[in-house]
Every structure is written in structure tokens, then in C-alpha cells.
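Step one of this worksheet: look at the structure below.
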2 protein chains.
Amino acid sequence: MVRGEKDSDCPVESAVKVLSGKWKILILWELRETPKRFAELRRGVTGITEKMLIQQLKELEKDRIIHRKDFHEMPPKVEYSLTERGRKLKPVFDALWKWGREQIQESS
Amino acid sequence: MVRGEKDSDCPVESAVKVLSGKWKILILWELRETPKRFAELRRGVTGITEKMLIQQLKELEKDRIIHRKDFHEMPPKVEYSLTERGRKLKPVFDALWKWGREQIQESS
DNA sequence: TTTAGCACTTACAAAAAAGTATGTACTATA
DNA sequence: TATAGTACATACTTTTTTGTAAGTGCTAAA
């Protein structure tokens with residue numbers, strides 16, 4: 001944390017801080033049920049570039065929301081999965097999904 | 001929507017689209033219980049500038065998540081409140097709040 | 001009469017996020 | 001031998017987001 005910057009005491013604020021951005025929630029949503037490989041995620045998250053994907057994966061790993069498992073194989077095999085902390089986000093995803101679906105239905 | 005751009009069929013994706021950014025969730029969080037005036041929001045959302053505040057309020061209004069009520073008084077009085085659609089986000093906020101609090105507790 | 005407060009608006013600049021294009025090391029398959 | 005696929009890395013540019021600073025029109029209080 002930058003000196004002079006106060007750490008947020010508000011849980012919502014601190015949650016938003018690690019989840020905001022265009023891709024993170026979508027990546028986590030892809031991983032909600034099962035671990036996936038880099039290329040699977042690339043195909044699963046429509047529109048994301050490789051650069052953004054690793055960048056976001058790295059940040060999520062640093063925040064201990066996902067775990068990176070390298071199988072040290074050739075050709076390379078790496079698997080990403082939710083950590084315990086990441087799995088605890090399920091209620092958030094569920095609520096978001098429900099809300100999103102309702103809005104889509106309303107507008108049709 | 002821009003021509004050629006596919007509307008997301010994923011509820012999570014469409015929800016993220018209208019809620020992402022540094023301030024929106026925080027603004028909505030301020031409004032979760034009671035309507036508030038512009039100046040109250042400015043004081044409540046720590047760190048936000050006036051420019052960002054109206055900008056985000058306008059977008060949220062356009063997305064019909066909040067409602068703007070102008071009392072046509074002098075000095076000006078305007079009140080912002082959640083719409084039905086906005087109130088339905090409560091489960092999202094609750095889940096986010098819980099998760100954020102858990103993470104804060106863990107790290108202490 | 002100056003100040004403060006209300007709810008903004010605007011021009012401009014800085015910072016952050018995201019995208020493009022290319023390259024790496026390795027292997028298997030055509 | 002060329003191509004494709006794995007999982008990235010890096011330089012560079014563009015786009016988007018956010019911030020800074022100032023100003024508007026109005027009123028009430030000091």
C-alpha cells in the first residue's frame with residue numbers, strides 16, 4: 001500500500017478493489033466449477049487477449065483468489081483453479097448471475 | 001449497441017458491464033438503505049470527485065439502476081435513490097460485503 | 001459584502017487499462 | 001520441413017478512465 005493511503009475499512013470497498021476490471025469476474029466465473037488450462041480460459045472468456053489473460057491471472061494469483069499449478073510437462077501444461085478464498089466468492093457470482101438474468105429477461 | 005458487437009448472453013457478463021468501474025458499486029452501496037442528496041453522496045463516498053460522481057450517477061440513471069428526483073428548489077435539492085432494479089442488487093452487495101469482511105478478518 | 005453551500009458543467013491533463021504485434025522454447029503432427 | 005499448439009513475455013500504441021482546476025447560477029448566513 002502506498003504511504004499516506006488509508007486501507008479501506010469498508011468490506012465492499014476492499015472487495016471491489018481486487019475484483020474490478022473488465023475481465024476478472026469473467027475469468028473467475030469460468031473457473032467456478034472446474035480448474036482450467038490457459039488455452040481453455042482463452043477460449044472460454046470471449047474477447048480476451050493472451051496478454052490480458054495472464055496479466056489478470058497473475059493479479060488474481062497474487063491476491064490468492066486462484067492457484068496456478070504447473071505440471072512441468074512438454075508441451076507445457078498449467079492449470080488454474082479457485083483457492084478456498086476464491087471459492088467463497090460463489091455467493092457473489094450467484095447473485096450477479098441471477099440479477100443479470102432478470103435484467104435480460106425484462107428487456108426482452 | 002455498436003453494430004457488429006454481439007450482446008452478451010451471459011448474465012454475469014451483462015451485469016459486470018453496468019457495474020464495473022471504481023465507483024459504481026460504492027455509490028450504490030451508499031444508497032442501499034436510503035435516498036441521498038448529491039452532497040451527501042460526495043461526503044459518503046470517500047475520495048470521489050464531483051465530476052466522477054455525477055458522471056457515474058448519470059450512467060446508473062441511464063441504466064435505470066438509480067432514480068434522480070429534482071425538487072426544483074432554490075438552493076437546489078436533488079435526491080438519488082435505488083430503483084426497483086437497483087434494489088434487486090441487494091444480494092450482490094450483501095455477498096460482496098460478507099466476502100470482503102472475511103478477507104479483512106483473515107489478514108489481521 | 002464576502003463567504004459558504006447547493007448541484008452541477010466544462011476544458012484539459014494524467015494515469016490506468018486494454019489492445020496489437022511479435023517473439024520465445026519446446027514438441028508433435030502433416 | 002513447415003505448421004500448429006502449449007504457455008507465456010515484451011515493446012509499443014491506443015483507448016478508456018479518472019483526476020484537476022476552474023466556473024455557473026442561485027440563496028442564506030456572517
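All values below come from the heavy atoms of this structure, side chains included, with hydrogens, waters and symmetry mates left out. Just so we're on the same page: letters track the sequence lines, and every chain starts at 1.
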Can you tell me the distance, in whole Å, between the [atom1] atom of [X] and the [atom2] atom of [N]?
X	N	atom1	atom2	answer
B/Met52	C/dA7	CE	P	19 Å
A/Glu73	D/dG5	CD	P	19 Å
B/Phe38	C/dA4	CZ	P	19 Å
A/Lys24	C/dA16	NZ	C1'	12 Å
A/Glu79	D/dT6	CD	P	14 Å
B/Glu40	C/dG5	CD	C1'	13 Å
B/Ile48	D/dT20	CD1	P	12 Å
B/Lys77	D/dA28	NZ	P	15 Å

With a 4.0 Å cut-off on heavy atoms, is B/Tyr80 in touch with a base, just the backbone sugar-phosphate, or nothing at all? sugar-phosphate
Comparing A/Arg68 and B/Met74 on DNA chain D - which has the more 5′ nearest nucleotide: A/Arg68
On DNA chain D, compare the nucleotides closest to A/Pro76 and A/Lys51; which residue's is nearer the 5' end? A/Pro76
Residues A/Arg87, A/Glu84: salt bridge by 4.0 Å N-O rule: yes
At under 4.0 Å, does any side-chain N or O of [X] touch on OP1 or OP2 of [N]?
X	N	value
B/Lys22	D/dG19	yes
A/Arg43	D/dG5	no
B/Arg42	C/dC6	yes
B/Arg37	C/dG5	no

Taking the side chain of B/Val78 as its heavy atoms from C-beta onward, which of D/dG5, C/dA18, C/dA7 lies nearest to it? C/dA7
Against the side chain of A/Thr49, the closest entry in D/dT6, C/dC8, C/dT20 is C/dT20
Closest-nucleotide 5' rank along DNA chain C - winner of A/Glu50 and A/Trp23: A/Trp23
By nearest nucleotide on DNA chain C, pick out whichever of A/Ser20 and B/Ala39 is the more 5' one. B/Ala39
State, yes or no, whether a side-chain contact exists between B/Leu60 and B/Lys24 at a heavy-atom distance under 4.5 Å. yes
Less than 4.5 Å apart, any side-chain heavy atom of B/Val92 and any of B/Leu28? no
Show me the donor-acceptor pairs, under 3.5 Å and distance only, between side chains in residues 35-47 of chain A and residues at least two apart or in other chains.
from: A/Lys36; atom 1: NZ; to: A/Glu30; atom 2: O; distance (Å): 3.4
from: A/Lys36; atom 1: NZ; to: A/Glu30; atom 2: OE1; distance (Å): 3.0
from: A/Arg37; atom 1: NH2; to: A/Pro76; atom 2: O; distance (Å): 3.0
from: A/Glu40; atom 1: OE1; to: A/Arg37; atom 2: N; distance (Å): 2.8
from: A/Arg42; atom 1: NH1; to: A/Glu50; atom 2: OE2; distance (Å): 2.5

Going by side chain to side chain donor-acceptor pair (under 3.5 Å), name the residues that satisfy it together with A/Asp63, two or more places apart in sequence or in a different chain. none
Looking only at heavy atoms, which two atoms of [X] and [Y] are closest? And how far apart?
X	Y	answer
B/Leu96	A/Leu19	CD2-CD1, 4.0 Å
B/Ile104	A/Asp9	CD1-O, 4.2 Å
B/Lys88	A/Trp99	O-CD1, 3.5 Å

So, with a heavy-atom separation below 4.0 Å from DNA chain C, the residues of residues 53-61 of chain B are B/Ile54, B/Lys58
